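Notes follow once the structure below has been shown.
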Amino acid sequence: EQVEHAPAEARDHQRRLLPGEPEAAQPEADRGDPDVLRRRIAEQALEVALCYGWIDGQKASNSTGRVTGVDIRGATNVRVEKVRVTNGPGLTSAGQHSGDGIYIGYDGSTVPENIVVSGCICDGNVRQGMSVVGVDGLTVTGSHFLGTTGSDPGAGIDLEADDVADTLRSITIAGNVFEGGYYGVIATTGAKHVAITGNTFRANRYHDVFLGDCDYVTVTGNTVISTGKVLSPGSLVYMQNANNIVVSANVLQGSGTDAEEAAGISVRDANVVQISNNVIRLTRTQGVLIGNSDITTAFADVVVEGNMFADCVDSASSGTAVIAVSGNNTGPVSPARVTIRNNHIYDSRSAGNECDNAISISTNISAATQSGYRVEGNTVSGPALAFVNATYPPLSNALTWNPGNLIDGAGETSSAITVTGAALGDTVQVFPPYDLQAILCTGYVSATNTVTIRLQNETGGPIDLANGSWLVRVRKFYE
């Protein structure tokens, strides 16, 4: 283990000895005491680097010893590089207290700042590979978090403040490997401005990325490979009570068979979520699940756009859709303002192994709520894929109409067309059944849930249009 302090010129604030004054002796009891060293590092607030150490907690012979390998509290400008921390025991085999490879948190009321962890290995620790309960500025890069054995919570990295008012922000987790833990990365209890990018997640037992009670989190460019969720139904990315989340440009691959595997991406209740340009394949159940049958909190503004889904939903989950939107079965709690647009859903399987539902919107979601949904531009390719209660376009209707013989300068207004969800100010598109021969045609929302078509002949001569089916579509102002 190597400890480097800032050069002498950076420590000019320390009192210099007078000529002939002896150095104060270090108490014998303090020599080599890690708590004393840690306190002095924090007090001096200098740039500190810990490099090339190996710390082993020996949990096999010390199963409840509560060992933490590297403990950083209230310090500023600390770099931990190429340190290996293994087998740290917690209070119990599940974890609960201690048992972290690396711990970063407050020292009293002082929050750590500007911490870098690079090229480290945290392997076989009980509670977490790394616990972060408070920090303002943390970068974790090029490290391996392996085989976290506990489940309380048992993460590779757990970003979890003791209180939502605590500082836990400006965090980048990039280019790391998370393998064989209960969770891969947790961001919860007030974590904000977190970037999880370019990492590899493999064979974690529950959620690979769990986002709860957090804000402004991006999950981009990661590769997540599940070989089976062996303890509880787990998702590759799971969101609950989170806000302002982007999940983009990831490759997410499920096991395709494991009975404990849940959706690829689960949005249980999260507001302002963008799920875009991901490749999602071989999930046992949904590729993306928005809501659930037992949700109790309403949420809104989820966009699923431009993703590729391949061979999702196995035969044991027949009836489950690749993209599913669900509300509470016993009450009017549902996700609002959901957009599912320009995704491609592909299934290469046959002989009863294929998925039969591409996109499904639960019938327990009210028509008024569904009026704010947009399901458009999606393509499907497979032997049995279909849409379930998710027809395109959702805000549309048709009128069988035979306009009269209109002389030049005359016009005619259709009867009212019911389009549930239409509101004043929405845009209306009209799809006539034939050539209008230069007659002017306008569609507009004339009242709530009502659309009207107006024809006007300014051609210079009479025109008599035939009977036909006139289709109208309403588009919301935010489309």
Side-chain angles (χ1 to χ4, degrees), residues 245-249 263-265 267 270-280 286-291 299-310 312-313 320-327 334-347 355-363 365-382 384-399 417-433 443-445 449-451 453 469-479:
I245 308 297
V246 174
V247 181
S248 181
I265 300 175
V267 185
N271 294 284
V272 191
V273 176
Q274 175 83 28
I275 301 170
S276 61
N277 302 316
N278 301 284
V279 175
I280 303 173
Q286 299 92 346
V288 172
L289 172 61
I290 303 169
F299 61 98
D301 300 310
V302 179
V303 176
V304 181
E305 182 174 19
N307 302 281
M308 167 72 78
F309 299 86
C312 295
V313 185
T320 300
V322 176
I323 304 174
V325 186
S326 178
S334 303
R337 298 191 298 275
V338 174
T339 298
I340 303 171
R341 178 170 53 209
N342 298 336
N343 301 282
H344 181 62
I345 301 172
Y346 168 76
D347 200 312
C355 175
D356 51 6
N357 294 334
I359 300 173
S360 173
I361 297 175
S362 174
T363 56
I365 299 175
S366 69
T369 298
Q370 288 190 46
S371 71
Y373 288 7
R374 294 293 170 269
V375 182
E376 56 190 20
N378 303 285
T379 59
V380 297
S381 176
L385 287 170
F387 294 89
V388 180
N389 194 35
T391 55
Y392 167 79
L395 293 185
S396 62
N397 205 348
L399 170 71
I417 307 168
T418 299
V419 180
T420 302
L424 294 172
D426 291 344
T427 299
V428 176
Q429 292 176 294
V430 180
F431 300 88
Y444 59 96
V445 177
N449 300 326
T450 304
V451 169
I453 302 171
S469 180
W470 296 68
L471 177 68
V472 293
R473 181 194 176 191
V474 175
R475 298 182 68 92
K476 292 295 184 181
F477 70 92
Y478 49 76
E479 287 191 79

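All values reported here derive from a predicted model rather than from experimental measurement.
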Among all residues two or more places apart in sequence or in another chain, which pass the side chain to side chain contact (heavy atoms under 4.5 Å, CB included) test with S276? S248, Q274
Smallest heavy-atom separation, S469 atom then P433 atom, equals O-CB, 3.5 Å
I275 side chain near V303 side chain, heavy-atom distance below 4.5 Å: no
List the atom of G327, the atom of S334, and the distance in Å for their closest heavy-atom pair. CA-OG, 3.8 Å
Return the set of residues passing side chain to side chain contact (heavy atoms under 4.5 Å, CB included) with P432 (not counting sequence neighbours), or none when no residue passes. V430, L436, W470
Side chains of Y373 and I365 in contact at under 4.5 Å (non-hydrogen atoms): yes
Flag, side chain of N278 to backbone of M308, donor-acceptor distance under 3.5 Å: no
Worked verdict on I361 versus V375 for side-chain contact (heavy atoms from CB on, under 4.5 Å): CA-CA 10 Å; I361 297 175; V375 182; 3.9 Å; yes
Would you indicate whether the side-chain heavy atoms of V419 and N449 approach each other to under 4.5 Å? no
Would you mind reporting whether I323 and F309 have side-chain heavy atoms less than 4.5 Å apart? yes
Criterion side-chain contact (heavy atoms from CB on, under 4.5 Å) on V322 and C355, from CA distance to verdict: CA-CA 8 Å; V322 176; C355 175; 3.8 Å; yes
Mind checking whether P335 and V325 have side chains closer than 4.5 Å, heavy atoms only? yes
What's the shortest heavy-atom distance between A398 and I417, and which atoms? O-CG2, 4.5 Å
Straight-line distance of I359 CD1 to N378 CG, nearest 0.5 Å: 4.0 Å
Strictly distance-based, threshold 3.5 Å: is any side-chain N or O of N307 a donor or acceptor partner for the main-chain N or O of N277? yes
Closest approach of S396 to L471 (non-hydrogen atoms, all atoms of both residues): CB-CD1, 4.4 Å
Are the side chains of V428 and V445 in touch, meaning some heavy atoms are under 4.5 Å apart? yes
Is there a donor-acceptor contact under 3.5 Å from the side chain of N271 to the main chain of A300? yes
Taken in chain and number order and not counting sequence neighbours, the residues that satisfy side chain to side chain contact (heavy atoms under 4.5 Å, CB included) with T379 are H344
With rounding to the nearest 0.5 Å, note down the distance linking CD in E376 to CG in N342. 7.0 Å
In sequence, state the C-alpha distance, the side-chain angles, and the governing distance for V472 and I453, and then conclude on side-chain contact (heavy atoms from CB on, under 4.5 Å). CA-CA 9 Å; V472 293; I453 302 171; 3.8 Å; yes
Nearest 0.5 Å, what's the CG-CG distance between N357 and D347? 11.0 Å
Taking the side chain as everything from C-beta on, heavy atoms only, tell me whether N397 gets closer than 4.5 Å to V451. no
Identify whether the distance between the nearest side-chain nitrogen and carboxylate oxygen of R374 and E305 falls below 4.0 Å. no
Restricting to non-hydrogen atoms, name the atom on V267 and the atom on A270 that form the minimum distance, rounded to 0.1 Å. CG1-CB, 3.9 Å
I'd like to check I280 versus C312 (side-chain heavy atoms, cut-off strictly below 4.5 Å). Are they in contact? yes
So how far is it from I290 CD1 to S362 OG, rounded to the nearest 0.5 Å? 12.5 Å
Between N343 and V304, the two heavy atoms sitting closest are ND2-O, 3.0 Å
